[in-house]
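See structure below.
Note on naming: letters A, B, ... go to the chains in the order of the sequence lines (proteins, then strands), and numbering restarts at 1 for each one.
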Amino acid sequence: WRVGIAVIAKENYPLYIRSVASQSELKFHYTVHTSLDVVEEKISAVGKSLGDQRELYLGLLYPTEDYKVYGYVTNSKVKFVIVVDSSNTSLRDNEIRSMFRKLHNSFTDVMCNPFHNPGDPIQSKAFDGIVSGMMVQTG
Amino acid sequence: MADEAPFQFLHSEVIQYVFGASDSGDAETGRNITKVESMGFRVGQGLIERLTKETSRFKDELDVMKFICKDFWTCLFKKQIDNLRTNHQGIYVLQDSKFQLLSHLSAGKQYLDQAPKYLAFTCGLVRGALSNLGVKSIVTAEVSIMPACKFQVMIQKI
Amino acid sequence: MATSQWDLPPELCCRPMAFVALTGLDVTYNAVHRAIWDAFCANRRADRVPISFKVLLGDHEYPKCRTKRTSYEWYIPKGILKTGWMNKHLNLVPALVVLFYELDWDHPQWKEKQSECATKVEIVRTSLQGRNTKVAVVLIQKKTPLPPGEDLVASERASTLCNACDLSGKSLFVLPHTDHLVGYIIRLENAFYEHAHTYYYTEIRRVKSHKEFLNKTTHQLLFVRHQFKMAFFSELKQDTQNALKYYRTSYSLVHELRTHETNILEIKTLAGFINYKICRLCFQHNTPLDAIAQFRKHIDLCKKKIGSAELAFEHAAWMSKQFQSFGELFDEAIKLGLTAIQTQNPGFYYQQAASYSQERKQQAQQLCQAAVNYPAPNPLDNLIGGLDFYGQRPWRQGHQSIDPPDTEKEKSGIVALQIKERNVPHSELIIALLSNAVAQFKKYKCPRMKSHLMVQMGEEYYHAKDFAKALKLLDYVMCDYRTERWFALLTSILTVALRCAWLMGSVRDYTLYCMELLGRASTLNDEQKSRIEKNFMKVLENEVPDAEPECDPSSVNAATALWNDCTAVTGTKELHLEVQDYVPFIQCKGRFISPSFHVDQLILIQVFLRSDGPHPVSVSKLSVSLSNQDYNQWCVEESTAHHNITLFPGKPKIFDFNFVAKIEDVGKKIEMTSIELMLGGANRRLLVVSWRGAGGDVASAHEALQASRSSRRWGRSLETDWDCLSLQNSTMIISRVPKISLQLSHQPPALTNEMYCINITVQSHEEGVAKDVRLTAGLKPGQDANLSQTTYTTLDGSRVCDHSAPPLLPDVHLGDLHPGEQLQTSVYVKCVSTGSRVFLFHVAYTMDTLVEGRPLVCKCHKDETITIETVVPFEVSMKFVSTKFEALDQLPVDIPFLLITDILSSSSWPLLLTSSSLQLLHLTTSAPQLDPQLNSQIHRVVLQKGECATECFCLRCPPLTSNTSSTSPVATGHYLISWRRQSSCSDSPQITTSFTLPAFVMEPVPVYINADVPSFGRVRESLPVCYYIENRTALAQEVEMAVEPSEAFMFSGLKQVRLRILPGSKQQMLYNYYPLMAGYQTLPQLNVVLPRCPSSSSSHALRRFLPQRIFIKPQGQPADDVSIAA
Amino acid sequence: WGREQGRGSQGRQMERNSELFTLTYGALVTQLCKDYENDEEVNKQLDKMGYNIGVRLIEDFLARSSIGRCQDFRETADVIAKVAFKMYLGVTPSVTNWSPAGDEFSLILENNPLVDFVELPDNHNTLVYSNLLCGVLRGALEMVQMAVDVKFVQDTLRGDNVTEIRMKFIKRIEENLPAGDE
């Protein structure tokens, strides 16, 4: 996969996972799941140290040979994870940021849909649309 | 734009709908209170999600509470909570000396028994907001003299 | 693990140290030499200079030095770095050769010795032809040398010796063989270190000097080589800063080389070497970030340098090794105190190494199948021991031009390598790396990363056909993914686990995984599920399930055999599966429909079953086990010939069970301990699926929570409501609701010590006879302990109960109670202390009832409690006063005085005081002989609240006997009052309350003076007053007495008199007073003095028993007998 | 409508509060969906509740906007669109599609605040999500002696690109009888 996007519930189970698959879908799942280690660590760090960064954007979680994993956590402890191919050097940090912001906005609308049950997997055309847009843009 | 009016009309209509005209038994009333409360809960979840979009992550419980008293309350009722007190053991008392949803009930004893109906939704709002911010709680409210109102938040430690 | 061609050579990985050769030491036979050698090499601590010593023979042959090339004109290098080079400078070519020679300054044959030494030196020099290696001489001496300069002989001989061996003075050392050996040695080796330094310095200079001869076109290899050599020498010189500098340049140069098929391996190899050195030094300099940066650069530069496609696996292998060795360096640094972080720790590098090994394996599998038979002659074994350049091909060493010299050789070489690769234990390598990574991630708080790697390990074990290990790992991590609800991942793990289970013929695991893969947590598509379901059914039918797809065919046969064996076993095969901790395709939820039942109600249990599998499943038996097994019989459902239980996909089925609770379970909890479901069965395989408690599984709790909040329409059908079905795994059995009423009547408050009466009326509203009605009444248990000490309960109100009566009366039989009847009884409680008490009235009885036609004898009971206050009935105050009503602080002996008692009622109910009495101690009545016991003055007196009754008794203390005479207070007895409530019936017992009279000190009166005075006088009429003086002492007493004049009286009689009174006798003095005024008058004061014993008492003290005043009536009135007490 | 043209904190504030309204309405609708058997009944209930609001809202409206009696239905239409909707929902629907008789017209909402964020699930294909509005209009107008018939004919929620409310004048209520709930 060249790029993948995932939304993870407060309790760390997947709410939404989508990737432009060029490699195995499964590997993407694993990548997102393992990245939660770092996310959790960063979240728990808040308030502990003085110089804790409390931005929602968590930045690059960890670099690996073939992809970069970025993280973002809402105040409701819902996590967004964006994974891009490490060969994809075109993406600047602030582009990633704006992707996350878009995701967050769209996610908030989903949360406000009275027919959506928070905690259920995300089934929303609007959200799908936003994500597809990003896939095209970055993929 | 008279922006609080639609909500107030809607709110009291919701109360009307759920509780009906006649005053039914305690058990029934209890169930209805829960119903309204859970509606508030869901709305609170949604609102807080929007409200905290730009704010940076919270430091701790107290930080969250302050946010509820300031920004959240302002968003709901265009005013802040007048007084926040805590025993530092997970109990917070939020006092609103002029609570919007009671202001139209004319003051005086005879309405005091009606008050709980009009507080349930807001209790739900607060509980929903908190739970979405990862703070499990029980929220109750009490009125001593209209339209002043105390909301008590009891944090559930898991 | 055997060393492979990809391992870095030890000469590269070791820490280079200056090499110094020691000659002239015979360490085997010569003890002194042995000692010296040990001092050099034995336990070298870090503070010693980094030198590696070797003992060599004096005539040791050092590697020949090639004659130095004067021009590089026609020289084409054959490779970058000779394989021998590093080792040569580490172990073969010394920086310094030290010759040890035993010679004391005052040696007799000095001359001979000196020349012998010189020749030895010469031999060494010749064998070092052309090298810059230094030579030094150490004289081993027996004598301790004198301080420098003092031993003239020594200095003189030293210089001659230097000349003889043509050594500089700096190269001649003396080693006195004394007890300070180590000290000397350390000084020596520091000196050697100096020499080594200069040696390597010159070597570096030498290599540098070649530079100007080189040209960029033909000698790029040499640029790399020379930089490397300088770096290496710098390391030997312990100049790591410069070493790093040289290595870096060398590294960039190596990448400037033009790469092509034939040299790419060599370039990568060298790049790898240099990179390793750089990273290692960076860590050593504690600049880990530089190390990481260098490594990243290295990888980015080399990633794409794959080389020939047929040998792609080599590249993967090499990459893997790069990551592994960096990981090791990193780990090493951490062991030396570097701190790593979660996102930057060696684990990542091991993991990457592993993934490259996996890549290697895949490529090997693709590329190496083709190769058939190993080419002969073997292109890989090279006649002249090993390669002479690192990273070259054995079949074309030294070849540097772009295309291979001999395409045939090239081909066979490749084939040989491919065939060789086939024998590489890839999985073994991968697993080793993975487990390294696991260890790291465990350390750096990455549980999920850890699990992921363990999954990979499991899968690798599976590929390596070690199914047992694979299954163990997978089963271990599965639950993490299950509980965190990552079902896609869970499914993939399960599928591998399923294969393992099948291949091992492990029926249990196989069935379990089938059940979960068919369940809602599985992301398999329908036909995959159908396939698995088919196999699942086969297991139930005791047939051999089909092999999983992708199972490696070679293992399939073996597995099939295993299955055949275990199906062959005769008899019904039972298989028990605990599925609670999984997400099985059959869901089960049980509940008591109410959290509590009355014992006379039918207890209802509902069990909901639902299958998520693709096809209907038939169940042979469903049973619920309860905490009390006796009920289990009622909670069984079996499918029979005409009715068989079938679960249709997604269609929940409800099973209702009911039973009647046992009496002995009243007040107890009944819990579901488990729910069991039987599939298959008779002469096939019997599968018993069981859930703990009331069922549910790993996923159901979350589903329930979500369902509760969802906006779906509930209550439409079970299908939709399934998720929000909640479990209720226990119920409380409570006793039958009593149909009797219980009334209590009494008159609070209770009075202390009275027999307080409580009337109880039990009224039956039962349809049947309430049998064996029993009353338990009295103090409610569990109150303040001393209440039970001060409360007594009895049924007998006719007499005051004693301490034997219990606080609580248990099980008073009241007989049977017929419908509509009522019965009454009274209970009496006696509270001897005030305060409030809670009293319990518990009426129990048994009823014969029918529950669903089944007879049931149930116990019912009704409780009432009342709180009763106990107060004192009255306050009693008692005081002793003199006959003149003056308060007494002591009791005068043998002189009458008064006891006055006040009884103040504080009871809200009228009290009847029947009588009172005194129990005297040390006291008697004033005139015992007249009336021996006092009779009560209260008799059937009724006191309302606040009213008071008073009694007065005249008492006296009998004359002191020796034993009673004391100055300490003595008890004077008790005052007893008998009483009861006026309201209480006449035959109800009297309560006697006793009060202790105050204790007093008895006061003997030695001389008692009293007077007879009429009750009144009349103005101008004679008034006779008679004084008595009684001497109670044992001595005769002189008494002087005088009457003071008074304006109220005239009197006749002795105005002043002096008389003596014998012991025990009494003197009488008569005075005739003549009152002058009417009204209360003070009598003339009588002054008494006892000259004999003035101490005994003041005249006042003597006077205190005398009346002081008297009433004088006016004149001329008729006498009446109104008497007024004086 | 505040959200699109974010007008600083003032506008945001208003937006926030209208969110409270919007979300509360959403909660109400879903609650009704739980309480009632089918969408039709939910629609009916929404209309009824709207009516109850309408009859009370009208005083508030007249008080806020010192507007006197309307001469005719056209004027009423304008007041509803330009004043009422603006005042309470912050949107100004356009008034179009007058029937020749001038007794029927459409309110076209480019943007319906009630349905922000809403995505209808498939099992609610007959739900008229915003039906409350019909009730409100009906109730309010009845208080000013106008019996009207109000219904949604287009809805963005159903994929139409605008939301259209159709209003039909029925009759003038002559005697000023107190309007009770129905």
| Side chain, backbone, both or neither: which part of B:F121 has an atom under 4.5 Å from a heavy atom of chain D? | side chain
| query | At their closest point, which heavy atom of D:L28 faces which heavy atom of B:V14, and how far apart are they? | reply | CD1-CG2, 4.1 Å
| Quick one: does D:E19's side chain get under 4.5 Å of B:L47's, heavy atoms only? | yes
| request: Report yes if the side chains of B:R50 and D:F117 come closer than 4.5 Å at any heavy-atom pair, otherwise no. | output: yes
| query | Using a cut-off of under 4.5 Å for heavy-atom pairs, which of B:R42, B:E13, B:Q8, B:M39 has the most such pairs with chain D? | reply | B:E13
| query | Rounded to the nearest 0.5 Å, what separation is found between the OH atom of D:Y25 and the CG atom of B:L10? | reply | 8.5 Å
| remark: To the nearest 0.5 Å, atom CZ of B:F9 lies from atom CG of D:L57 at 4.5 Å
| remark: Heavy-atom closest pair (D:L23 atom, B:G46 atom, distance to 0.1 Å) is CD1-C, 4.0 Å
| Student check: side-chain heavy atoms of B:Y17 and D:N52 closer than 4.5 Å | no
| request: Considering non-hydrogen atoms only, spot the tightest contact between D:Y88 and B:P6 and give its length. | output: O-CG, 3.3 Å
| query | For B:K70, does the NZ atom sit with more than 12 other heavy atoms under 6.0 Å from it, leaving out its own atoms? | reply | no
